[in-house]
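Just so it is clear, the values below take in all heavy atoms, side chains as well, and ignore hydrogens, waters and symmetry mates.
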Amino acid sequence: KNFLLTGALLIVALFSVNSVMADAPVATTGTNNVHITLNGIQSITVDQTDVNLVYTTIEDYTNGVESPLLTNHLTVYSVGPFAVKVTSEGIFKNGDNKSISAGTVTITAEKQESSPGVLNPVEITTGSAITEQALITSEVGGFNKKYNVKYRHDFADDATAFENELGTYTAIVTYDISPS
């Protein structure tokens with residue numbers, strides 16, 4: 001009797017499990033979310049890290065001197081709008097720690113190919129530091145964007161041009177890129 005009762009319960013249980021399994025859906029597809037996060041980056045490289053402005057003639061001293069156009073001097077990488085700003089200590093000193101007399105160094109940029117932006121010349125007055133001045137501002141970003149740059153130096157007047165010690169006077173010019 002117990003044997004028959006146990007057998008009957010086992011048969012009922014199998015039918016119940018089989019019925020539940022037959023009603024369960026079988027998954028044939030699945031989904032997930034893929035997220036792409038874009039973070040802003042800005043990078044700048046400066047080619048030709050030494051720029052030489054050389055005075056050799058009377059005309060140079062009275063009219064000023066200019067570097068040749070430095071092709072691809074600045075290379076910019078930016079996701080989104082950017083500004084390239086220039087700073088300098090402005091105090092051009094020689095090996096004896098003496099400063100050059102009053103004058104101006106002008107830095108001008110020129111676009112290469114499809115490089116974006118508005119270009120503004122930057123002036124460094126010798127003997128005084130400059131805070132950040134925008135050389136290039138752009139409302140769009142870009143990768144591997146090239147800019148040519150030219151440097152020019154003029155003394156304040158003819159008299160100050162001839163009152164300096166001979167030698168090389170140096171100051172550091174720093175280019176900084178940031179989102180705009």
Side-chain angles (χ1 to χ4, degrees), residues 16-54 64-95 97 99-100 102-154 168-180:
S16 295
V17 168
N18 196 19
S19 171
V20 168
M21 288 183 72
D23 291 340
V26 176
T28 58
T29 62
T31 63
N32 71 325
N33 296 318
V34 175
H35 304 280
I36 298 174
T37 303
L38 301 177
N39 291 303
I41 61 124
Q42 282 76 38
S43 175
I44 188 167
T45 57
V46 180
D47 197 14
Q48 301 111 341
T49 56
D50 288 316
V51 176
N52 296 302
L53 302 174
V54 180
V65 293
E66 191 169 87
S67 72
L69 185 65
L70 302 175
T71 306
N72 300 327
H73 188 55
L74 302 175
T75 303
V76 169
Y77 297 86
S78 181
V79 174
F82 66 92
V84 173
K85 296 178 182 175
V86 180
T87 58
S88 175
E89 59 193 29
I91 302 170
F92 288 77
K93 292 186 177 184
N94 67 8
N97 210 27
S99 298
I100 196 169
T104 303
V105 174
T106 305
I107 301 170
T108 26
E110 170 185 290
K111 296 178 193 179
Q112 274 277 37
E113 300 167 13
S114 64
S115 296
V118 175
L119 310 175
N120 299 299
V122 169
E123 289 189 355
I124 302 169
T125 302
T126 58
S128 63
I130 65 165
T131 55
E132 290 183 328
Q133 292 182 28
L135 179 67
I136 305 165
T137 54
S138 177
E139 295 301 316
V140 296
F143 284 86
N144 201 32
K145 296 305 179 182
K146 308 277 186 182
Y147 298 88
N148 303 329
V149 176
K150 189 177 279 191
Y151 296 80
R152 178 173 179 77
H153 177 260
D154 292 290
T168 302
Y169 295 80
T170 304
I172 296 171
V173 173
T174 302
Y175 293 91
D176 177 57
I177 186 169
S178 59
S180 66

Check: residues 29-47 side-chain donor-acceptor pairs under 3.5 Å, at least two apart:
unit_1: Q42; atom_1: NE2; unit_2: S78; atom_2: OG; d: 3.3
unit_1: Q42; atom_1: NE2; unit_2: V79; atom_2: O; d: 3.4

- Going by the salt bridge (Lys or Arg N to Asp or Glu O under 4.0 Å) test, which pairs reach into residues 28-37, not counting sequence neighbours? none

- Message: Which residues pass the salt bridge (charged side-chain N to carboxylate O under 4.0 Å, His left out) test with E89, not counting sequence neighbours?
- Response: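 E89 satisfies salt bridge (charged side-chain N to carboxylate O under 4.0 Å, His left out) with no residue once adjacent residues are dropped.
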
Which pair of heavy atoms, one from [X] and one from [Y], lies closest together, and at what distance?
| X | Y | value |
| --- | --- | --- |
| P116 | V140 | CB-CG2, 3.6 Å |
| P121 | T108 | CB-CG2, 3.5 Å |
| G64 | D154 | CA-OD1, 3.4 Å |
| I124 | S88 | CD1-CB, 3.8 Å |

- Message: Would V149 and Q48 count as a side chain to side chain contact (heavy atoms under 4.5 Å, CB included) here? Give the steps.
- Response: CA-CA 10 Å; V149 176; Q48 301 111 341; over 6 Å; no

Rounded at 0.5 Å granularity, tell me how far [atom1] in [X] sits from [atom2] in [Y].
| X | Y | atom1 | atom2 | value |
| --- | --- | --- | --- | --- |
| K85 | N120 | NZ | CG | 12.0 Å |
| T168 | N94 | OG1 | CG | 8.5 Å |
| T170 | N52 | OG1 | CG | 8.5 Å |
| S180 | I136 | OG | CD1 | 11.5 Å |
| K150 | T71 | NZ | OG1 | 10.0 Å |

- Message: In the structure I gave you, are the side-chain heavy atoms of V173 and V51 within less than 4.5 Å of one another anywhere?
- Response: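 The answer is no, as the side chains (C-beta and beyond) never meet within the 4.5 Å cut-off.
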
- Contacts of type side-chain contact (heavy atoms from CB on, under 4.5 Å), residue T104, not counting sequence neighbours: T106, E123

- Message: Show me the pairs that pass side chain to side chain donor-acceptor pair (under 3.5 Å) and involve residues 133-148, at least two apart or across chains.
- Response: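 Every side chain to side chain donor-acceptor pair (under 3.5 Å) pair that includes a residue of residues 133-148, provided the two are not neighbours, is T75-K146, Y77-N144, E110-N148, Q112-N148, S114-K145, N144-K146.
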
- side-chain hydrogen bond (donor to acceptor under 3.5 Å, both in side chains) against Y175, all qualifying residues, sequence neighbours excluded: Y151

